[in-house]
Amino acid sequence: MKIAVLGGDGFVGWPTSLHLSDQGHEVHILDNLSRRWIDTELGVQSLTPMDSIQERTRIWHQETGRRIRFHLLDLAKDYERLKQWLLEIRPDAVIHFAEQRAAPYSMKTDRHKVYTVDNNVSATHNLLSALVETEIDAHLIHLGTMGVYGYSTVGAAIPEGYLPVGIETIGGETVEQEILYPTRPGSIYHMTKSLDQILFQFYAQNDGLRITDLHQGIVWGTHTEQTRRHVQLVNRFDYDGDYGTVLNRFLIQAAIGYPLTVHGTGGQTRAFIHIQDSVRCIELALNDGPKRGDRVKIFNQMTETHRVRDLANLVSELTGAKVAWLPNPRKEAAENELVVKNDQFLALGLDPITLRAGLLEEVVDVAKKYAYRVDRSRIPCVSAWTREIAQRVERDPEHRGLKSA
Ligand SMILES: O=c1ccn([C@@H]2O[C@H](COP(=O)(O)OP(=O)(O)O[C@H]3O[C@H](CS(=O)(=O)O)[C@@H](O)[C@H](O)[C@H]3O)[C@@H](O)[C@H]2O)c(=O)[nH]1
């Protein structure tokens, strides 16, 4: 297949591009390199030294003989060029990762909120509109998030995108209908993914676009089979308070002797998936696309759920790291239950990689290798969900202590 990977320079986009290229697909990366600009804005860098995208694709060709083409284009801003590009490439499938993906970054200031909404919603809508206009019948796969469902304290199993409901008709009968699971996003970023869902529903229904939306959990790990092949193919690894995600942060904190930064009681339960499974799921979804006229196909792309404090305890037992209990900069349920259905990927043959010591240690080893690149002052999460929370966090002695750790 000819596959366009939008956002192919990012944390999941890069290993996905390599994985699909390795399988013999013709891969085209389209990216505006915004993640690299945001690193510059925040004054942080990936823990792993990352080469330019051109250099990465050169090494991939040198190692495998396969070519991945890179196209510099801003999906949210260059609508006309996007149409031309699609007409030139005529992809069979488009994988859409090209959105600002960090919740703390999206909540930093009003400017970051505006940027995240403008960027994410425009990127998705431009793509949908361009597919209709160019009449390219590509299978669109979007990387969405588990966070659109919200986190209830009840713990009812979350179905894969659709919720069956009984609705009373005017005649007094009850009819069964499946509706999009009501969203309850917890950040501006997660809200943009909820908006995406409505856009997808509309374009599938109105124009017959073939769309798969993957509701992914928190990714952990760093290497995949392909990124291991050469030091310059290494994936990015974010550890800072905005882009680093919880388990990878705990592992790198353990590697450099920094207390594990648990927010609140650590009672938040979240869905997780290893990066290797993430790229495998995308391949499985690619080969099982909806037909024209079908509703949007939604998968829950996660393999297990864990409570934040259990993860901290696990990493602490494994490495001897101390745990710091910090005031939570987010507005979120202090404790929640989470049960998620992921039957569709299991039925397609996914054999989940679960959290086991070997793989956790691999991440700690990578972190130790590059520990000299870590700026400890960038570890605390400083983006607060409201002004009031920001003041409370700043006043907290534990937070202040960590900031100067
Ligand atoms: O040092 C930390 C960092 C986070 N947390 C807590 O860990 C939980 C998860 O935070 P996270 O930063 O790992 O994940 P999140 O902000 O939800 O976002 C990440 O995970 C999402 C999947 S999910 O969470 O919606 O399932 C993806 O969509 C996003 O792109 C990705 O950045 C939160 O309760 C947070 O308060 C800590 O206790 N300590």
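Computed over heavy atoms, backbone and side chain alike; hydrogens, waters and symmetry mates excluded. We count residues from 1, following the sequence as given. Atoms within a ligand are numbered from 1 in the order they appear, just like the ligands themselves.
Counting atoms of ligand 1 from 1 in the listed order, those under 4.0 Å from a heavy atom of Gln216 are 22 (C), 26 (O). Heavy-atom contacts of Gln268 reach the following atoms of ligand 1: 34 (O), 36 (O) (cutoff under 4.0 Å). Applying the 4.0 Å criterion to heavy atoms of Val308 picks out, from ligand 1, the atoms 7 (O), 38 (O). Per-residue contacts place Gly217 under 4.0 angstrom from the following atoms of ligand 1 (heavy atoms of the residue considered): 22 (C), 26 (O). Interface atoms of ligand 1 facing Arg270, defined by a heavy-atom separation under 4.0 Å, are 34 (O). Heavy-atom contacts of His190 reach the following atoms of ligand 1: 17 (O), 25 (O) (cutoff under 4.0 Å). Atoms of ligand 1 found under 4.0 Å from any heavy atom of Ala103, numbered from 1 in the order shown, are 16 (O).
Evaluated for a side-chain hydrogen bond (donor to acceptor under 3.5 Å, both in side chains) with Thr192, the options Asp118, Thr116, Asn120 yield exactly one hit, Asn120.
For atom 22 (C) of ligand 1, the closest heavy atom belonging to the protein is Thr145 OG1, 3.3 Å. With respect to atom 29 (C) of ligand 1, the closest heavy atom belonging to the protein is Arg101 O, 3.4 Å. Looking only at protein heavy atoms, the nearest one to atom 19 (C) of ligand 1 is Thr245 CG2, 3.7 Å. Remark: minimum distance from atom 24 (O) of ligand 1 to any protein heavy atom is reached at Ile218 CG1, 3.4 Å. Of all protein heavy atoms, the one closest to atom 38 (O) of ligand 1 is His263 N, 2.9 Å. If you check which protein heavy atom lies closest to atom 16 (O) of ligand 1, you get Arg330 NH1, 2.8 Å. Taking atom 2 (C) of ligand 1 as the reference point, the nearest protein heavy-atom neighbour is Thr261 O, 3.3 Å. Looking from atom 33 (C) of ligand 1 to the surrounding protein, the closest heavy atom is Glu332 OE1, 3.5 Å.
When Val219, Asp238, Val246, Ile273 are checked for heavy-atom proximity to atom 7 (O) of ligand 1, Val246 turns out nearest.
In this structure, Arg69 places its CZ atom where only 12 or fewer heavy-atom neighbours from other residues, nucleotides or ligands lie under 6.0 Å away. Atom NZ of Lys341 has 12 or fewer heavy atoms from other residues, nucleotides or ligands within 6.0 Å.
Looking at Val246 and Val308, their side chains come closer than 4.5 Å, going by heavy atoms from C-beta outward. Asp242 is listed as a side-chain neighbour of Lys108, based on a closest heavy-atom distance under 4.5 Å. With contacts defined as side-chain heavy-atom distances shorter than 4.5 Å, the pair Gln226/Trp60 qualifies.
The line from SG of Cys281 to CD of Gln216 is 7.5 Å long, rounded to the nearest 0.5 Å. Here the CD1 atom belonging to Ile68 is positioned 10.5 Å from the NE2 atom belonging to His28, to the nearest 0.5 angstrom.
Relative ring orientation between Tyr115 and Tyr105 is described as perpendicular, the plane-to-plane angle rising above 60° on a 0-90° scale split at 30° and 60°.
Judged by the shortest distance from any of its heavy atoms, Tyr151 lies inside the 4.0 Å radius around the atoms of ligand 1.
Using a 4.0 Å cut-off between a side-chain N of Lys or Arg and a carboxylate O of Asp or Glu, Lys193 and Asp213 do not qualify as a salt bridge.
Annotation: Gly147 places an N or O atom under 3.5 Å from an N or O atom of ligand 1; distance criterion only. Polar contact check, Tyr189 against ligand 1: a nitrogen or oxygen pair lies under 3.5 Å apart.
Under a cutoff of 6.0 Å and an axis angle of 45°, Arg295 and Tyr162 form a cation-pi pair.
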For this session: Check the pair Glu362, His223 against side-chain hydrogen bond (donor to acceptor under 3.5 Å, both in side chains), reporting the backbone distance first and the verdict last.
Result: CA-CA 9 Å; Glu362 181 188 74; His223 289 312; 5.3 Å; no
